[in-house]
Amino acid sequence: MEVSAEAKRVMVQALSKLYSSRTQRGGLRLHRSLLLTLVLRSARDIYHSARAACDSEEPLGPPAADPQQCPAEEAMETSGGRAETAVSVQEQPASRRESRDDKENESPAGAERQSRKRRGKTAAEPDFLPSKRARMDPSEERLPTRSGPGGCRGLRGTLASLPVSQAIAAF
Amino acid sequence: MHHPVKLGANDVQWCFSQVKGAIDDDVAEADIISTVEFNHSGELLATGDKGGRVVIFQQEQETKGQPHSRGEYNVYSTFQSHEPEFDYLKSLEIEEKINKIRWLPQKNAAQFLLSTNDKTIKLWKISERDKRPEGYNLKEEDGRYRDPSTVTTLRVPVFRPMDLMVEASPRRVFANAHTYHINSISVNSDYETYLSADDLRINLWHLEITDRSFNIVDIKPANMEELTEVITAAEFHPNQCNTLVYSSSKGTIRLCDMRAAALCDKHSKLFEEPEDPSNRSFFSEIISSISDVKFSHNGRYMMTRDYLSVKIWDLNMENRPVETYQVHEYLRSKLCSLYENDCIFDKFECCWNGNDSVVMTGSYNNFFRMFERGHRRDLTLEASRESSKPRAVLKPRKVCAGGKRKKDEISVDSLDFNKKILHTAWHPQDNIIAVATTNNLYIFQDKMN
């Protein structure tokens, strides 16, 4: 149980750090966000497997396959999303890469990417994070569909069903 | 006059020489030193800070009166290199902090350096002016124009000596080529081009051309969800102008040959050491991220710095480093606390001495470490005001990792993690080192007899 307690602590801190990095001067640091997402993911995996090992036959927790994709997705999406709209404007005229596929504008959820609305404000706050923003209209709390059926779940329930995707999408 | 580099770290007695910066314990954030770099001759030493300023120190000529020490470094020029900017498109502030400074080799009387913040690189010209024209016909000495009707004689203006003035002027601004934060710049050995690297891309520039750059490395995945690593540092080979290396957050180093293809996404060599499974922890990914990569002066080796160690790689051997030095292994059991206080994300740099026999890097508690390669000896020294008497010999330090603490040792729990040395530089020829604490620059040199 010590392992799962430590994993939980690491996860909570990772979320807190990801959250507070939104207000950092100079903008989101991709490297730091990536490292935190990796830590978060491995801590979450360890937490779930430690919990599953301790539990009885019936496995608890959310479907593992789905949220596994989420943290990196959401974190990278939000850090990359705004960048992509900016780069298409700032692209060098004589860049050698003109003829290649335009990676900048390739996006799985094109409409979402081009939107300049800040998704962060729409996410409900996890109860273990300090409340920093006023809550928005619940009807605006929908996340991109890519996160799958598990992603849009509300933040009720135990940490075992931690909707990582929503928390990270807070920035 | 240059003095031959003495053998090794432990044959040398390091002495305090100078300290630059405020004595105040209350550090203004703008004064935090963010980069330190000697120029190619070692005569000039540049620092950049979080406030966007560059301060250049010049070594005084050695005087006959003090044969036992080398010239002191005094302020030569100070200028504001970068200002804070606002990216309206992304609603983000762009920090003015100077991430890196790189000197160009000297071609004429003026000095040139590249300085960069997160988004923009600038080429600065630093030139001296020690004479000025006097005796204009149409202007007074203070610059006011004379009434032409009062001019009755003509004279030829002449140059007269004046107090030395050092001027810094921005000659080129290389902007709008980086979406992500620039972490490295490196001047090519062709002295015509240079690279700039951000988290996902490396661009090649010509020093004369500011309105375009060529992208030579792009590791951005089509779907950002698939991102697994970022570029953390990049450098050109010191004498092969076609070769560059870049390090990643996964602990790998890729060597690229620009002759192979226009886009160097496929590496020529991949340097990676398999992780020791017994060391696996929550934080393995963070501590394996490489924070700095530097070629040796002779171009045969490169050095990488990750959170706990310094590794030396032979360019001809990709599967493991030839040497590994533990900087502060006693921190391995403290990774959880270092993660909590964010220290685990600190990016330490490293440097070679002039003949590639010793490497140096920083640590916490204002300690810095030197590793003598041939003799496998290491040394820990401290940059502190307490040991700042002129020409005082620095006493080696030791950290007690556990068990009984000997006299003069410091226990791990007493280390001050707010006092970190991230930036160090070694004079290209002599045993003179510049070590940056948070807001002070210490200069140490070897004891001369």
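So you know, we letter chains A, B, ... as the sequences are listed, proteins then strands, and number each from 1.
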Subject >> Shortest non-hydrogen contact from B:D199 toward A:L30 >> reply: OD2-CB, 3.5 Å

Original post:
Minimum heavy-atom separation for B:S249 to A:L34, with atom names?
Top reply: OG-CD2, 3.9 Å

**OP:** Identify which part of B:E85 has an atom lying under 4.5 Å from any heavy atom of chain A, answering side chain, backbone, both or neither.
**Re:** neither

**OP:** Give the minimum heavy-atom separation between B:C336 and A:R9, together with the two atoms involved.
**Re:** SG-NH2, 3.9 Å

Subject >> With sequence neighbours excluded, residues passing side chain to side chain donor-acceptor pair (under 3.5 Å) with B:E192 >> reply: none

Original post:
Between B:L200 and chain A, which part of the residue has a heavy atom less than 4.5 Å away: side chain, backbone, both or neither?
Top reply: side chain

**OP:** For the pair A:R25 and B:D118, find out whether any cationic side-chain nitrogen is under 4.0 Å from an anionic carboxylate oxygen.
**Re:** no

Original post:
If every non-hydrogen atom of A:S42 is compared with every non-hydrogen atom of B:F282, which pair is closest and at what distance?
Top reply: OG-O, 4.1 Å

**OP:** Select one option (side chain, backbone, both, neither) describing which atoms of B:K347 are under 4.5 Å from chain A's heavy atoms.
**Re:** side chain

Original post:
Between B:T232 and chain A, which part of the residue has a heavy atom less than 4.5 Å away: side chain, backbone, both or neither?
Top reply: side chain

Original post:
Counting heavy atoms not belonging to B:E275, are there more than 12 under 6.0 Å from its CD?
Top reply: yes

**OP:** Give a yes/no verdict on a cation-pi contact between A:K17 and B:F345, requiring under 6.0 Å between NZ or CZ and the six-membered ring centre and an angle within 45° of the axis.
**Re:** no

Subject >> chain A contacts, top residue of B:N203, B:T228, B:N117 (heavy-atom pairs, under 4.5 Å) >> reply: B:T228

Subject >> Contacting region of B:D342 [heavy-atom separation from chain A under 4.5 Å] >> reply: both

Subject >> With sequence neighbours excluded, residues passing side chain to side chain donor-acceptor pair (under 3.5 Å) with B:E272 >> reply: none

Original post:
Can you tell me how far OG of B:S284 sits from CG of A:L38, rounded to the nearest 0.5 angstrom?
Top reply: 11.5 Å

Original post:
Pick from A:R29, A:R32, A:Q24: which one has the most heavy-atom pairs with chain B under 4.5 Å?
Top reply: A:R29

Original post:
Okay, side chain of A:H31, backbone of B:H181: is any donor-acceptor separation there less than 3.5 Å?
Top reply: no

Original post:
How many angstroms lie between CD1 in B:I344 and CG in A:L35, if you round to the nearest 0.5 Å?
Top reply: 9.0 Å

Original post:
Going by heavy atoms in the side chains, are B:K90 and A:L28 under 4.5 Å from each other?
Top reply: no

**OP:** Look at B:E96, B:K119, B:K97, B:E229 and state which one has the largest set of heavy-atom pairs under 4.5 Å with chain A.
**Re:** B:E96

